[in-house]
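Note sheet for the following structure.
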Number of protein chains: 2
Amino acid sequence: MAKRPETGGRLDDAARAGWLYYVAGRTQDEIATAMGISRQSAQRLVSLAVAERLIKVRLDHPIAECLELGEQLRRKFGLVHVDVVPADPGSSSTTIGIAEAGAAEIERWLKKPEPIVLAVGTGRTLKAAIDQLPAMECPQHRILSLTGNIGPDGSAAYYNVIFSMADAVKARHFPMPLPVLVSSPEERDLLHRQSLVQSTLQLGREADVAFVGIGELGADAPLCLDGFLDPQEMARLMEEGAAGEICGWMFDREGRLLEGSINERVASVPLPPRETTTVIGLAKGKRKYLALLSALRGGMINGLITDETTARYLLSA
Amino acid sequence: MAKRPETGGRLDDAARAGWLYYVAGRTQDEIATAMGISRQSAQRLVSLAVAERLIKVRLDHPIAECLELGEQLRRKFGLVHVDVVPADPGSSSTTIGIAEAGAAEIERWLKKPEPIVLAVGTGRTLKAAIDQLPAMECPQHRILSLTGNIGPDGSAAYYNVIFSMADAVKARHFPMPLPVLVSSPEERDLLHRQSLVQSTLQLGREADVAFVGIGELGADAPLCLDGFLDPQEMARLMEEGAAGEICGWMFDREGRLLEGSINERVASVPLPPRETTTVIGLAKGKRKYLALLSALRGGMINGLITDETTARYLLSA
DNA sequence: AGAAAATGTGAGTAATTGCCCATGAGCGAA
DNA sequence: TTCGCTCATGGGCAATTACTCACATTTTCT
């Protein structure tokens with residue numbers, strides 16, 4: 001093609017170079033020769049392919065240790081699904097590994113031929129997982145968001161993942177055009193009576209599987225950072241015994257939903273019943289320990305994707 | 001896969017190392033430190049993980065499929081160059097995609113600084129490709145036409161592409177001031193003894209790369225439409241087993257040049273030797289399937305630019 | 001139990017890759 | 001048009017990775 005700095009064509013080239021490098025196993029020199037560019041340009045294309053997430057790497061081997069930990073977690077907390085990924089002690093990322101494993105599990109569900117209802121929560125971890133999803137055509141499935149996608153300031157919240165998901169997965173999707181928290185129980189009920197919201201609420205009860213992040217509490221909790229709660233409210237909640245939240249639903253150290261006022265203002269879809277739905281939590285890292293452990297104790301989630309280090313903590317607790 | 005108790009643990013290590021390397025992005029040095037082994041051992045584990053296919057790399061881009069098909073074609077027919085472009089099921093054009101890709105490949109060759117000899121055949125597909133070429137200055141190269149540019153009625157034939165090419169590309173060009181088909185072998189030999197023609201013939205043997213169309217046979221074949229052959233001759237040729245033509249050279253279903261009289265009347269430059277020259281065929285579409293497959297089988301071409309649909313057919317045949 | 005074969009290990013070395021910088025082309029503003 | 005900005009390019013160099021060889025260890029066969 002001519003000398004037009006067209007991004008689309010460039011991405012195509014990046015895909016081509018990335019394929020030759022990772023799939024065909026050519027060296028960058030060979031790629032450069034084949035594509036008629038310099039070796040340096042080939043290198044740039046390859047790293048562009050990685051940066052643009054065109055290249056998805058996945059490890060397909062049950063590491064014995066992780067399996068063992070997973071099995072113990074399954075027994076201890078009565079889980080129906082566990083995935084433990086290797087720890088990377090050197091990395092400070094809170095999503096690495098979890099995101100890939102989460103994407104793999106989501107993909108597994110979406111590949112089913114029979115129609116399912118898949119629910120997603122929100123949060124950085126879940127967002128990272130969704131970003132790992134390949135493009136898929138799944139007209140038979142329905143995907144819903146368990147939480148509202150409106151921020152406290154009326155804007156669309158960043159980490160509502162359902163729209164990212166809709167980009168990758170072609171299926172009917174049902175967002176929640178509400179804030180996560182509203183000002184009063186009455187307002188919540190009013191909003192929930194809207195017919196659009198009604199159908200999403202109904203869908204939530206029918207979900208086959210749900211993927212949710214686990215929110216920790218504290219001054220730098222996601223709910224504070226994103227402006228849903230101010231520090232005073234957060235402090236009061238913690239005094240009342242809150243240990244974590246899932247989709248905005250606050251729970252204590254035993255994994256019981258808080259009786260206090262806060263949960264009456266949460267506009268999210270109720271967590272689907274764990275008797276019929278697989279609710280998989282994605283989380284790793286020290287800051288999530290308490291929230292995760294509490295959620296597991298109380299059976300708020302019956303599926304878990306975490307890493308080795310976190311798994312060990314959960315077992316020792 | 002051996003079932004030794006030792007190997008299991010080793011594969012686990014390999015999986016772990018591979019995970020750290022590919023998913024977490026650590027260097028082999030870091031992995032070695034983390035796992036308490038030498039760098040060399042870490043390297044071995046990583047390559048073991050690859051060799052054992054524990055690591056799955058996937059390219060998430062429409063181009064990926066095309067590259068995969070191209071690789072299979074390359075292996076099946078021993079090609080030195082393959083380009084498979086995405087199919088456009090909605091279009092009935094016989095050139096869309098091919099033309100652009102062909103132009104890109106021609107451009108790639110013309111951009112080379114060292115002098116090359118580039119040969120072109122004729123046909124609608126090739127003409128469409130040439131039309132996609134940008135203006136270029138290439139005084140170092142020589143471009144020749146493999147086929148005559150004189151029609152059966154003495155006029156200049158439409159689809160002789162070298163003149164179009166000369167418009168866009170500033171390089172020395174060598175047309176063939178002959179018809180594609182002459183009336184007898186003797187006439188052909190006479191014409192070929194002209195000194196102008198002699199130099200073009202010589203150049204043909206030296207060509208670095210040739211771009212040719214693939215002609216199908218039948219009542220509405222290009223050779224008939226353009227008046228080089230009348231329907232009776234065409235029918236007789238097909239009875240003799242002709243499956244297609246390249247630059248006028250007829251070949252059978254095994255891609256062998258026909259022994260009959262017709263090829264003795266073809267005044268084109270012989271196809272450059274495939275041992276030293278990259279001869280790239282451009283073609284797509286159902287009507288070209290037989291001709292294309294035959295040419296590939298017999299090694300008449302060692303390069304191919306086609307579309308996804310055609311590629312699938314060629315692989316299944 | 002002993003020898004032979006297979007496999008793992010570490011060191012050195014060649015090949016490959018990643019990064020920085022100077023350069024030049026394209027594009028928008030003055 | 002010209003200036004200034006941005007960005008892709010390619011060369012060079014340092015870091016990283018892959019390969020080869022000799023040796024040590026383990027396994028297997030008799």
Side-chain angles (χ1 to χ4, degrees), chain A residues 1-55 57 59 61 63-64 88 90-91 96, chain B residues 1-57 59 63 104 107-114 133-138 140 170:
Chain A
M1 217 45 357
K3 25 214 89 183
R4 222 165 321 148
E6 219 177 286
T7 326
R10 190 171 169 71
L11 267 188
D12 282 357
D13 282 348
R16 191 171 290 258
W19 189 89
L20 289 167
Y21 187 71
Y22 286 104
V23 183
R26 311 296 184 82
T27 70
Q28 297 183 351
D29 253 325
E30 293 174 308
I31 296 168
T33 308
M35 297 180 66
I37 54 180
S38 73
R39 212 264 308 158
Q40 293 79 356
S41 298
Q43 197 271 330
R44 280 189 185 93
L45 288 176
V46 170
S47 55
L48 179 66
V50 175
E52 293 291 334
R53 301 180 185 280
L54 300 179
I55 302 287
V57 184
L59 186 93
H61 180 75
I63 297 185
D88 179 10
S91 164
I96 194 156
Chain B
M1 217 143 304
K3 292 282 177 194
R4 266 174 234 106
E6 306 297 327
T7 342
R10 187 168 170 74
L11 269 188
D12 281 356
D13 283 348
R16 184 174 294 261
W19 188 89
L20 288 166
Y21 188 71
Y22 286 104
V23 183
R26 327 311 302 277
T27 71
Q28 298 182 351
D29 251 330
E30 293 173 307
I31 296 168
T33 309
M35 297 180 66
I37 55 179
S38 73
R39 290 110 212 231
Q40 296 83 346
S41 298
Q43 195 274 330
R44 282 192 182 91
L45 289 176
V46 170
S47 58
L48 179 65
V50 174
E52 295 288 338
R53 319 260 150 148
L54 302 180
I55 301 289
K56 288 188 179 169
V57 183
L59 195 128
I63 279 292
E107 201 182 329
R108 216 165 280 153
W109 283 86
L110 290 176
K111 267 185 186 160
K112 289 176 191 271
E114 70 274 14
L133 280 178
M136 296 180 77
E137 301 270 344
C138 316
Q140 72 276 33
K170 298 287 173 272

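Hydrogens, waters and symmetry mates play no part in the numbers below; they use all other heavy atoms, side chains included. Naming: A, B, ... by sequence-line order, numbering from 1 per chain. Predicted model only: the values in this text are computed from it and were never measured.
Residues A:Arg39 and A:Gln28 are in side-chain contact: their nearest non-hydrogen atoms beyond the backbone lie under 4.5 Å apart.
One interatomic measurement links the two molecules: CZ of A:Arg44 to C1' of C:dT17, which rounds to 13 Å at whole-angstrom precision. The distance from atom CG of B:Asp29 to atom P of D:dA18 is 12 Å, rounded to the nearest whole Å. Nucleotide D:dA8 holds its P atom 15 Å from the CE atom of A:Met35, rounded to whole Å. Atom CG of B:Leu48 is separated from atom C1' of D:dC19 by 16 Å (rounded to the nearest Å). Separating the CG atom of A:Leu45 from the C1' atom of D:dG10 is a distance of 13 Å, rounded to the nearest angstrom. One interatomic measurement links the two molecules: CD1 of A:Ile37 to C1' of D:dG11, which rounds to 15 Å at whole-angstrom precision. What separates OH of A:Tyr22 from C1' of C:dT17 is a distance of 10 Å, to the nearest Å.
Nucleic acid contact class of B:Arg39 (heavy atoms, under 4.0 Å, all strands): none.
Checking the phosphate oxygens (OP1, OP2) of C:dG10, a side-chain nitrogen or oxygen of B:Ser41 falls inside 4.0 Å. For the OP1/OP2 pair of C:dG18 and a distance below 4.0 Å, the side-chain nitrogens and oxygens of A:Gln43 include at least one atom meeting the criterion. One finds no side-chain N or O of B:Gln28 lying less than 4.0 angstrom from the OP1 or OP2 phosphate oxygen of D:dT16. The side chain of A:Tyr21 places no N or O atom within less than 4.0 Å of a non-bridging phosphate oxygen (OP1 or OP2) of C:dT16. Residue B:Ser38 places none of its side-chain N or O atoms closer than 4.0 Å to OP1 or OP2 of C:dT9.
Among C:dT16, D:dG10, C:dA11, the nucleotide with an atom closest to any side-chain atom of A:Thr27 is C:dT16.
Nearest heavy-atom pair, B:Tyr21 versus B:Val46, reported as atom, atom and distance to 0.1 Å: CD2-CG1, 3.7 Å.
A donor-acceptor contact under 3.5 angstrom links the side-chain atoms of A:Gln40 to the base of D:dG11.
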Evaluate side-chain contact (heavy atoms from CB on, under 4.5 Å) for A:Ile37 paired with A:Asp13, printing each intermediate quantity in order.
CA-CA 11 Å; A:Ile37 54 180; A:Asp13 282 348; over 6 Å; no
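Comment: A:Glu30 does not engage A:Arg26 in a salt bridge, judged by the lack of any side-chain N to carboxylate O separation of less than 4.0 angstrom.
Interatomic distance, CD1 of B:Ile63 versus CG of A:Leu54, reported as 11.0 Å (0.5 Å rounding).
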